[in-house]
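Please read all numbers here as calculations on a predicted model, not as lab measurements.
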Amino acid sequence: YSHSEPWASPAIWRDLPFLLFNKNSPIKISKFNDITMLHWLGKYLFNCSREKYNHNSQKIFQLALNSQKILQQIINETAIQFAHDKTGRLQIFTNKRKFNIAINEAKIKEQLSNQFVSTPNQQNKYQYFALNKSDCLNIEPALIGQDINLNNNGDNINSNIYGGIYYPNDESGDVNIFTNNLAKYCQTHLNVKFMLNHNINSINIDHHNNRIKNIIAIDSHYQQKTLT
């Protein structure tokens, strides 16, 4: 939840040469003559302005907080299991510049959280702790090893840690187990029927009662069905 910044950010201009030409880049663009790709890339870069980044960051962060709230409600109501881990998340930094940028982002999110969450409690309150290298190793002792956690240059990441940020209220889990168990719960307790391999043609809305009247769908045999 805390790591909810959009990928389209002003930092892209500094990192663009690495992203395009470094062999270890997470992005590979092989068709620069593809009109669709160039159109997408133009829209992506357009959203890398500071104004667009701030706007999109607020929207995504608000969505993340709402998602966490809904997840807590689902867990309380269904008690489904999905390897749920509530020990928080540790973000490691190997240089001062990116560490300081992340700290500034965390401060802004802390202010936004007070606006978005009307009645914050210990479970959904946005919190972060700036850590030095020693603190990071105390929280995650696995980083101390000499033969693990290697970076792309083959160096031990332990020697490159500048600092970290710990988000105690971040959560994780197995999304595959979660969705499958949630589907089973809906079938068993809510009488939900999942109809796969259907194309939805239209959704008819009862605007007076703010409800869906029916859905017109086509099955895999091209038969039209009206679902109510």
Side-chain angles (χ1 to χ4, degrees), residues 1-9 19 24-30 37 40 44 47 56-93 102 105-106 109 113 116-117 120-129 136 139-143 145 147-152 157 164-201 203 212 215-221 225 227-228:
Y1 303 104
S2 301
H3 194 60
S4 57
E5 301 84 6
W7 283 14
S9 75
L19 294 173
N24 296 317
S25 170
I27 298 176
K28 298 294 181 183
I29 301 178
S30 58
M37 172 60 73
W40 175 88
Y44 176 84
N47 278 278
N56 293 333
S57 293
Q58 290 186 26
K59 294 297 183 182
I60 295 174
F61 182 55
Q62 187 174 13
L63 178 63
L65 293 178
N66 288 335
S67 174
Q68 185 178 33
K69 179 181 177 180
I70 295 300
L71 176 63
Q72 292 168 358
Q73 292 176 355
I74 292 175
I75 293 173
N76 292 335
E77 292 174 8
T78 66
I80 60 175
Q81 302 297 313
F82 59 103
H84 191 198
D85 183 6
K86 301 178 66 176
T87 57
R89 183 177 63 86
L90 174 64
Q91 187 177 11
I92 297 294
F93 297 90
E105 295 287 349
K109 287 180 178 178
S113 176
F116 295 150
V117 182
N121 54 47
Q122 197 63 28
Q123 192 173 18
N124 62 16
K125 182 181 178 182
Y126 178 84
Q127 289 182 302
Y128 74 95
F129 298 97
C136 293
I139 290 179
E140 183 47 82
L143 295 172
D147 300 318
I148 58 175
N149 296 302
L150 299 180
N151 62 20
N152 291 327
I157 195 173
I165 304 178
Y166 176 59
Y167 306 94
N169 290 333
D170 268 17
E171 307 171 43
S172 63
D174 190 312
V175 66
N176 182 55
I177 296 176
F178 175 80
T179 51
N180 278 283
N181 286 344
L182 182 60
K184 292 176 182 177
Y185 179 91
C186 291
Q187 290 172 317
T188 305
H189 296 84
L190 304 177
N191 197 31
V192 172
K193 182 179 181 181
F194 291 94
M195 303 180 67
L196 307 179
N197 301 315
H198 282 67
N199 291 324
I200 296 177
N201 275 10
I203 301 177
I212 295 176
I215 298 173
I216 307 300
I218 306 295
D219 65 19
S220 57
H221 300 290
K225 296 180 178 179
L227 310 176
T228 58

Stepwise side chain to side chain contact (heavy atoms under 4.5 Å, CB included) check, Phe82 with Leu182: CA-CA 10 Å; Phe82 59 103; Leu182 182 60; over 6 Å; no

Return the set of residues passing ring pair (Phe, Tyr, Trp, His ring centres under 6.0 Å) with His189 (not counting sequence neighbours), or none when no residue passes. Tyr185

Would you please name every residue forming a salt bridge (Lys or Arg N to Asp or Glu O under 4.0 Å) with Lys225, sequence neighbours left out? Asp219

Any residue meeting side chain to side chain donor-acceptor pair (under 3.5 Å) with Thr188, in chain and number order, not counting sequence neighbours: none

Which residues satisfy the ring pair (Phe, Tyr, Trp, His ring centres under 6.0 Å) test with Tyr166, sequence neighbours excluded? none

Salt bridge (Lys or Arg N to Asp or Glu O under 4.0 Å) partners for Glu105, two or more places apart: none

Please identify each residue that fulfils ring pair (Phe, Tyr, Trp, His ring centres under 6.0 Å) with Trp40, with sequence neighbours left out. Tyr44

Could I get the full list of side chain to side chain contact (heavy atoms under 4.5 Å, CB included) partners for Gln62, not counting sequence neighbours? Asn66, Phe116

With Asn197, which residues qualify under side chain to side chain donor-acceptor pair (under 3.5 Å), at least two apart? none

Test side chain to side chain contact (heavy atoms under 4.5 Å, CB included) applied to Ile200 - qualifying residues, sequence neighbours left out: Ile203, Ile215

For His198, check ring pair (Phe, Tyr, Trp, His ring centres under 6.0 Å) against everything at least two apart and list the hits. none

Strictly by ring-ring contact (aromatic ring centres under 6.0 Å, His included), give each pair with a member in residues 59-79 just once, sequence neighbours left out. Phe61-Tyr126

Side chain to side chain contact (heavy atoms under 4.5 Å, CB included) against Ile216, all qualifying residues, sequence neighbours excluded: Asn201, Ser202, Asn204, Asn214, Gln224, Thr226

For Gln187, is the CD atom crowded, meaning more than 12 foreign heavy atoms sit under 6.0 Å from it? yes

What distance do Asn47 atom CG and Ser9 atom OG have between them, rounded to the nearest 0.5 Å? 11.0 Å

